[in-house]
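Here's the structure we're looking at; comments come further down.
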Protein chains: 2
Amino acid sequence: MREIHPEDLEDIAVGAAILGTGGGGDPYIGKLLARCAIEEHGPVRLISLDELANDAKVVTGGAMGAPTILIEKIPSGDEMLMALRHYEDVTGETVDALMPFEAGGLNSCLPIVLAAQTGLPLVDADGMGRAFPQLEMETFNVYGVKAAPVAMADERGNLAMVETEDAAKAEFLARGICIRMGGHVSLINYPMSGETAKRVSVPATISLAQDIGRVLREAKRAKKPPLATLIDFLKATHYGHAEVLGSGKVADIARKVENGWSVGIVTIAPFDGSAPYSIRIQNENLSLERNGKVIAVVPDLICVLDIDTAEAIPTERLRYGQRVNILGIRVPEIMRTPEALSVFGPAAFHIDAEYAPLGGS
Amino acid sequence: MREIHPEDLEDIAVGAAILGTGGGGDPYIGKLLARCAIEEHGPVRLISLDELANDAKVVTGGAMGAPTILIEKIPSGDEMLMALRHYEDVTGETVDALMPFEAGGLNSCLPIVLAAQTGLPLVDADGMGRAFPQLEMETFNVYGVKAAPVAMADERGNLAMVETEDAAKAEFLARGICIRMGGHVSLINYPMSGETAKRVSVPATISLAQDIGRVLREAKRAKKPPLATLIDFLKATHYGHAEVLGSGKVADIARKVENGWSVGIVTIAPFDGSAPYSIRIQNENLSLERNGKVIAVVPDLICVLDIDTAEAIPTERLRYGQRVNILGIRVPEIMRTPEALSVFGPAAFHIDAEYAPLGGS
């Protein structure tokens, strides 16, 4: 167990934005909300999966919606708490521990807010090892945990709940509610025991986010190249491999809100005038293509980073002319099994490509 | 208290279809489901508002969706029971009595099905005195009862729940879920005490439906003109006035499913070649116009009846060439107050007309 204090949040936000692989919601908002909550309620206890009691009741949570909506319709900070109270009211259960359902941007920070507000411990793990755009795309679902009940709250205190056996159906119904709640809501889902959480979660992703932020911060202070330092660091983690996939200037962004998601294509033109890269987006970056060839694809992470700072640019903040590196990060083993790929591999996004792990397996 | 037996259902279905004013769902399906349920579980106890205990926990229920979807995607008959069980699970309450939330077609029959399945008494009343297309359009809401929690179930057992203070918001969120559940679901809502139910409900509407069916049946057997007999009968009820507003042939039906409702315009051409009537539809018939003048408008009932039998033709069964009478029925006093008209008068449907009760007030 260790504590999360306000001074930890900058590193966590920087790292979470990279793990968000373009999505997961704006980390700046998340960082501010988490800082307020910790300053008001005290530090958050971060526990590893190993420290979690087997009989603990764990729920996961975060925000659902289009990141492009989220930066306009910002959270009040109380939605997660309302969703949690609704979950407890409806089920009659008492929750013992919280876990982010994804690693990325806002969604790494909102569970910190909730942990501060409730005094509950936060489990250092998640169900995506990155951000994905759909609720069923969770290692929890891959390895047999039911997504429902899904308890939802908007910023005005309107509440909803979905109960269904199938995680994709839970996603479809919850997304419909999310759209009618204005395109952005907070939710609590995937209730499970501590014992189950140890089996089905991607471990240590909050620590990883903080480490990524720290590595970049220290590299800059030491005048070392931040991206190369980050890649070296990532190779030593359970992710195991990272590489620069391309560089260039953002030349075009075709992006719209469709079915409650930000979807589109970003074109990045290399500085040498060679063939452009295109990144397919559904909230997150899904695939990187060049000359009609898929270079990287889900579940591996495709991160668009500022060329100078190596900090992530989320999809909703992409602008014409930004100079970027495209970083690829291989996902951990637990996300590369056949069962996992059937839930969040290329076919799940109707992308006609075979998944081949970056750096080989 | 009296009992509803299978032999009562034909009259109830015929009368409910008229009160449905074009909507409320196909009464044929409802009649068959109610017959099966009563044959399996025994007769249903129908109690008047007066017989309802003041401290009884009453909930209302029915189906939500587009009637045009409902005749293709027919109910399994267990949705209401699943919605009720979900309501009780989620709230921890035990329900003592059931009430239809609208009078009309399927939605007068489904609560009979549920009453048979559960053994609970059915209250002879409802919240619309007719059918309306939206959840907030209830005398319950007009006179201060909260619509939520709204418990919902589809035919596959997928469940949802909405909790919000505002009835129009409950409608908006529940409709979103309804659309994602395939355009037709069953729901339980407007929980209230027996004491409140007595104050806010339109009384005796199941009895009225049965009486309407009986009057038409007896008129036919006695070779009396059914429509004239029905009008005489209605004048003696708490509705107080009915009249033929026009006659003709269905000349055009422009109808589509939009935002989860059947919406459109029906054109009826008089036999003498004079100016046609047009009826505006949102699940139910909302207004009757001719030569740009509004002849009748919500909340009054506009019923399209077969010219020979005086039985109602619901909007989803309208076909080119049908020969029809258009019957207008004034709503009871409780539905004509300024508060009531603000919730389900012309302005609530964006119809630019003043409401003037048929037959004067």
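Residue numbering restarts at 1 for every chain, and letters A, B, ... go by the order of the sequence lines.
Interface remark: A:Met181 contributes backbone and side-chain atoms alike to the contact with chain B (heavy atom separation under 4.5 Å). With a 4.5 Å cut-off on non-hydrogen atoms, A:Arg156 does not touch chain B at all.
Surrounding CG of A:Asn54 are more than 12 heavy atoms belonging to other residues, nucleotides or ligands, all under 6.0 Å away.
With contacts defined as side-chain heavy-atom distances shorter than 4.5 Å, the pair A:Ile177/B:Ile177 qualifies.
Of the possible donor and acceptor atoms, none in the side chain of B:Arg180 sits under 3.5 Å from a partner among the backbone N and O of A:Leu173.
When each of A:Asn158, A:Asp166, A:Val162 is scored by its heavy-atom pairs under 4.5 Å with chain B, the top score falls to A:Asn158.
Considering CD of B:Glu163 and CE of A:Met161, their distance stands at 11.5 Å, rounded to 0.5 Å.
Residues of residues 87-95 of chain A lying under 4.5 angstrom from chain B, judged on non-hydrogen atoms, are A:Asp89, A:Val90 by number.
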